[in-house]
Amino acid sequence: MTTATIPVLTKKDFQTDQEVRWCPGCGDYAILSAVQAVFPELGIPREKFVVISGIGCSSRFPYYMNTYGFHTIHGRAPAIATGIKASNPDLSVWVITGDGDALSIGGNHLIHGINKNFKCVFLMYDNEMYALTKNQTSPTTRRDHPTNTQVNNNLPRGETESTRHCAYYNGGLWRAF
Ligand SMILES: Cc1ncc(C[n+]2csc(CCOP(=O)(O)OP(=O)(O)O)c2C)c(N)n1
Ligand code: SF4
Ligand SMILES: [Mg+2]
């Protein structure tokens, strides 16, 4: 009987020859470097890793990892990851996302992912803004931080009111508006 030996992996095995398109000094480099350093420590064969992202600066991550991966659609990484894990539970699934990708457009997918409670690593780069599209307010932007969509913190505050009307009864709807 022969015993198969698992090759010893190093950080270099997870690096790619892709040109990294992040700005010089961007914090995303540090996270990429940490993940590339930790993967060989996990004792998982390289072909069992899959890295799934949405859209954003942070979501360029799969290009820079020498693993299987998928740069998907804005906010939809949890949905794709759910499908991958369901069809191949053996894989080590990593979801890479940004605060905008995960909590704005992807908020609904995130809630369903949490509800399913499937096994994955969910890594959200929280730079408190939409960076790729040049600084718009995200769900984690601080109230006093000016952005293109929150100039001088002038986001009008309102009183929340909820109302429900039958679409066939125009009088009620009209008054509500
Ligand atoms: C359906 C859709 N809507 C809007 C956009 C534009 N868009 C691209 S990235 C992004 C926000 C990304 O923010 P975040 O997830 O925080 O990533 P960061 O760039 O900050 O790393 C938006 C609104 C898009 N690509 N697709
Ligand atoms: S714009 Fe994107 S790549 Fe540049 S520093 Fe910000 S998050 Fe990093
Ligand atoms: Mg962001």
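Remember, it's 1-based here, ligands and their atoms both numbered in the order they're listed.
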Donor-acceptor list for residues 79-94 side chains, cut-off 3.5 Å, not counting sequence neighbours:
{"from": "Thr82", "atom 1": "OG1", "to": "Pro78", "atom 2": "O", "distance (Å)": "2.5"}
{"from": "Lys85", "atom 1": "NZ", "to": "Pro89", "atom 2": "O", "distance (Å)": "2.8"}
{"from": "Lys85", "atom 1": "NZ", "to": "Leu91", "atom 2": "O", "distance (Å)": "2.7"}
{"from": "Ser87", "atom 1": "OG", "to": "Gly83", "atom 2": "O", "distance (Å)": "2.9"}
{"from": "Ser87", "atom 1": "OG", "to": "Ile84", "atom 2": "O", "distance (Å)": "3.2"}
{"from": "Asn88", "atom 1": "OD1", "to": "Asp90", "atom 2": "N", "distance (Å)": "3.4"}
{"from": "Asp90", "atom 1": "OD2", "to": "Lys48", "atom 2": "NZ", "distance (Å)": "3.4"}
{"from": "Ser92", "atom 1": "OG", "to": "Trp94", "atom 2": "NE1", "distance (Å)": "3.0"}

Can you tell if the side chain of Met65 reaches within under 4.5 Å of the side chain of Gln36, non-hydrogen atoms only?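 Of all side-chain heavy-atom pairs linking Gln36 with Met65, at least one is under 4.5 Å.
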Is there a side-chain contact between Val35 and Phe61, using heavy atoms and a 4.5 Å cut-off?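 The answer is yes; the side chains approach within 4.5 Å.
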Please check if the number of heavy atoms outside Tyr68 that lie under 6.0 Å from its OH is greater than 12.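 Count not over threshold, so no.
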Say whether, by atom type as modelled, one donor and one acceptor occur between the side chain of Glu128 and the main chain of Arg142 under 3.5 angstrom.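 No; zero donor-acceptor contacts below 3.5 Å.
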Environment of atom 4 (Fe) of ligand 2 in terms of protein N/O/S atoms, cut-off under 2.8 Å: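 Listed by chain and number, the nearby protein N, O or S atoms are Cys23 SG.
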Identify the heavy atoms of Ile44 and Leu9 that sit nearest to each other, and give their distance.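 Answer, listing the atom of Ile44 first, then Leu9: O-CD1, 3.9 Å.
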Specify the closest pair of heavy atoms between Ile55 and Thr72, including all atoms of both residues, with the distance to one decimal.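 Closest pair (atom of Ile55, atom of Thr72, distance): CD1-O, 3.3 Å.
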Tyr64 and Phe14 aromatic centres sub-6.0 Å: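 They do not qualify: ring centres at least 6.0 Å apart.
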Between Phe39 and Phe49, is the gap from one ring center to the other below 6.0 Å?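 Yes - the distance between ring centres of Phe39 and Phe49 falls below the 6.0 Å cut-off.
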Ligand-residue contact atoms, ligand 2 with Asn127, heavy atoms, under 4.0 Å: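 Under 4.0 Å from Asn127, ligand 2 has these atoms: 7 (S).
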Between side-chain atoms of residues 109-117 and protein atoms elsewhere (two or more places apart, or another chain), which donor-acceptor pairs fall under 3.5 Å?
{"from": "His109", "atom 1": "NE2", "to": "Arg76", "atom 2": "NE", "distance (Å)": "3.4"}

In order of chain and number, which residues sit within 4.0 Å of ligand 1 by heavy atom?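 Contacting ligand 1 under 4.0 Å are Ile55, Gly56, Cys57, Ser58, His74, Gly98, Asp99, Gly100, Asp101, Ile105, Asn127, Met129, Tyr130, Ala131, Leu132, Thr133.
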